[in-house]
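What follows is one structure encoded as structure tokens, with my remarks underneath.
Quick note on labels: first sequence line is chain A, next is B, and so on, each numbered from 1.
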Number of protein chains: 2
Amino acid sequence: MIFTAIRSRPTLSEMKESEAADPRPYHHGDLRRALVEAAVRLVEADGPGAMSLRAVAREAGVSPAAPYHHFKDKSELLDAVAHEGWEKLDLAFQTARDAQTSPPDRVRELGVAYVRFAMTHPALYRVMYDCSRDKADMPAHVRENEESAYRRVKDVLISAGADPADEVGLELATIACWCAAHGLAEMTSFRQFDALKAELGGEDAFLRGVLSHVGVFAKGLQR
Amino acid sequence: MIFTAIRSRPTLSEMKESEAADPRPYHHGDLRRALVEAAVRLVEADGPGAMSLRAVAREAGVSPAAPYHHFKDKSELLDAVAHEGWEKLDLAFQTARDAQTSPPDRVRELGVAYVRFAMTHPALYRVMYDCSRDKADMPAHVRENEESAYRRVKDVLISAGADPADEVGLELATIACWCAAHGLAEMTSFRQFDALKAELGGEDAFLRGVLSHVGVFAKGLQR
DNA sequence: CGTCTATCTTAGCGCTGTTCAAATAACAGA
DNA sequence: TCTGTTATTTGAACAGCGCTAAGATAGACG
């Protein structure tokens with residue numbers, strides 16, 4: 001068997017003492033994890049379109065049918081990829097929030113961090129949004145991460161002076177934040193703006209320039 | 001031949017007196033047009049993912065290979081679909097611009113019209129953006145329409161009081177407008193916000209509430 | 001009328017997502 | 001340690017996809 005050669009991984013008994021997290025790694029060790037990692041690798045390398053289930057299986061060194069015992073669908077695998085993405089985004093958010101900046105600036109820098117994330121992981125970012133958009137029946141764990149990032153924006157807004165009592169206003173402001181950042185994230189890749197970026201002296205200046213038109217980014221919160 | 005039965009269309013000689021626009025309609029009448037229309041129909045009906053070239057050919061009543069004499073690629077057909085979309089959007093913009101509203105409100109209403117378009121034609125809207133995003137080598141006619149819509153936003157901003165001399169500022173404001181509207185367009189489909197929409201008394205109120213956080217939408221232009 | 005060219009078809013390649021029965025590896029209990 | 005059960009993986013197969021190549025056909029043009 002080719003397989004025993006590939007699997008230079010811990011056996012079940014060995015795994016149990018290191019990390020007994022997931023149900024049970026069998027033949028492969030932890031194929032589910034391996035598949036997600038391979039998928040992320042392929043998506044980031046060649047774009048979401050190039051990520052076929054068969055290619056992922058190939059990358060992981062298993063047969064084309066193997067993934068179907070860990071994901072009912074291709075879309076379920078993509079959900080897992082998106083999940084990974086939301087976790088990375090949340091990490092970027094934490095870093096931005098903890099940076100040494102005044103609360104109002106912190107709001108804007110959160111926006112910049114968001115857009116920067118989208119630019120650093122464009123394909124992953126696209127998968128994240130396609131997953132969120134396509135399904136009314138969004139899987140719980142994706143929704144969870146998405147809401148966690150959403151809440152983080154809201155928290156920064158509050159710390160920047162938003163009134164937590166004005167629930168509706170706060171909600172609208174958070175959405176406006178997110179909309180502007182998401183919109184900007186999808187636009188920055190357009191070559192059209194290269195000249196403008198140069199004129200402003202770099203990409204960050206461009207981002208800040210656009211975001212400063214959004215009230216909450218520009219001057220904290222006052223409705 | 002099945003074919004002669006399907007073709008109850010003007011022959012070449014008949015066409016020449018009505019509209020001699022495109023190179024030459026041969027066997028089918030004007031297959032190129034028929035394919036684009038079929039494609040738009042399929043996209044709007046079943047989403048962009050369901051639009052296969054073969055399905056389009058089937059819908060138009062021709063063989064799977066026929067489209068390749070009018071489009072070198074599937075992506076080229078999608079470009080044509082996107083083109084159709086940008087034209088529709090531009091039409092919606094004209095209507096919004098000509099409505100009886102004060103210039104500052106006109107800016108916001110342009111945003112609302114944009115988002116409404118995206119909600120009315122969600123699949124078409126997605127095709128439009130996927131086309132714009134995917135290619136650095138965006139086909140000229142798509143880019144053209146895109147820029148026409150972009151310019152329309154800028155014009156409304158000027159008519160609302162923006163300083164045409166401040167080119168950079170105007171550009172940034174236009175982009176901010178577009179970003180917020182595009183971001184909002186992609187978010188409104190999220191079920192998450194249904195409660196909030198209800199609380200605000202409808203979708204339009206929700207849209208205006210979010211857009212009012214963007215400086216240019218809220219109060220015309222002052223930088 | 002014959003020739004020519006654009007248009008369309010038929011057939012086929014390799015790829016995809018997905019299903020199914022059969023094989024295999026790990027575990028549980030004797 | 002052997003046995004049966006179950007989770008995991010494979011191999012083969014299906015329909016559908018984008019796309020190509022070669023041949024048929026219909027209209028345009030001399």
Side-chain angles (χ1 to χ4, degrees), chain A residues 1-7 9-16 20 22-35 38-39 42-43 46-79 81 134, chain B residues 1-16 20 22-35 38-39 42-43 46-79 134:
Chain A
M1 295 286 112
I2 294 174
F3 206 58
T4 50
I6 289 178
R7 171 170 57 89
R9 289 165 188 267
T11 65
L12 174 53
S13 46
E14 286 168 340
M15 297 271 312
K16 258 189 183 153
D22 262 7
R24 264 178 256 172
Y26 271 81
H27 304 46
H28 180 284
D30 190 351
L31 182 54
R32 190 192 159 91
R33 177 56 145 277
L35 288 169
L42 286 178
V43 165
D46 307 325
M51 196 220 79
S52 71
L53 249 183
R54 293 175 108 105
V56 171
R58 233 174 284 132
E59 176 91 0
V62 293
S63 82
Y68 284 88
H69 292 264
H70 301 273
F71 306 94
K72 88 171 211 295
D73 242 357
K74 179 182 181 179
S75 89
E76 206 169 282
L77 173 56
L78 279 172
D79 287 342
V81 172
D134 283 344
Chain B
M1 293 290 118
I2 294 173
F3 208 58
T4 48
I6 289 179
R7 172 170 55 89
S8 60
R9 290 165 187 267
T11 64
L12 175 54
S13 45
E14 287 168 338
M15 298 272 311
K16 256 185 184 157
D22 262 7
R24 264 178 257 171
Y26 271 80
H27 304 47
H28 181 282
D30 191 350
L31 183 54
R32 191 192 158 91
R33 178 54 146 274
L35 287 170
L42 285 178
V43 165
D46 307 326
M51 197 221 79
S52 71
L53 251 183
R54 294 175 109 104
V56 171
R58 231 175 286 134
E59 177 90 359
V62 293
S63 83
Y68 285 89
H69 292 265
H70 300 273
F71 306 94
K72 88 172 213 295
D73 243 355
K74 178 183 180 178
S75 88
E76 207 170 280
L77 174 55
L78 278 171
D79 288 342
D134 283 345

Subject >> Beyond-backbone contact of B:M51 with B:D46, side-chain heavy atoms, under 4.5 angstrom >> reply: no

Original post:
Quick check: does any side chain N or O of B:R32 sit under 3.5 Å from a backbone N or O of B:H70, one acting as donor and the other as acceptor?
Top reply: yes

**OP:** Starting from P on D:dA7, measure out to CZ on A:R32 and report it in whole angstrom.
**Re:** 16 Å

Subject >> Of residues 50-58 of chain A, the positions that come close to DNA chain C - non-hydrogen atoms, cut-off under 4.0 Å >> reply: A:S52, A:L53, A:R54, A:R58

**OP:** Hey, could you give me the CD/OH distance between B:E76 and B:Y68, rounded to the nearest 0.5 Å?
**Re:** 11.0 Å

Original post:
Which comes earlier along DNA chain D counting from the 5' end, the contact point of B:H69 or that of B:K74, where each point is its nearest nucleotide?
Top reply: B:K74

**OP:** Round to a whole Å and report the spacing from CZ of B:F71 to C1' of D:dT20.
**Re:** 18 Å

Subject >> Nucleotide C:dT7, atom C1' - distance to CG of B:L35 in whole Å >> reply: 12 Å

Original post:
Measuring from A:L35:CG to A:L53:CG, what's the distance to the nearest 0.5 Å?
Top reply: 8.5 Å

**OP:** Measure the CG-NZ distance between B:D79 and B:K72 for me, rounded to the nearest 0.5 Å.
**Re:** 8.5 Å

Subject >> Shortest side-chain distance from B:A65, nucleotide among C:dC8, D:dA21, D:dC19 >> reply: D:dA21

**OP:** Send over the distance from A:H70 NE2 to D:dT10 C1', rounded to a whole Å.
**Re:** 13 Å

Original post:
Can you tell me how far C1' of C:dC15 sits from CG of A:L42, to the nearest Å?
Top reply: 15 Å

Original post:
Going from OG on A:S63 to CZ on A:R58, what distance comes out if it is rounded to the nearest 0.5 angstrom?
Top reply: 11.5 Å

Original post:
How close or far is atom P of D:dT10 from atom OH of A:Y68, stated in whole angstroms?
Top reply: 14 Å

Original post:
Just how far, in rounded Å, is C1' of C:dA25 from CG of A:L31?
Top reply: 14 Å

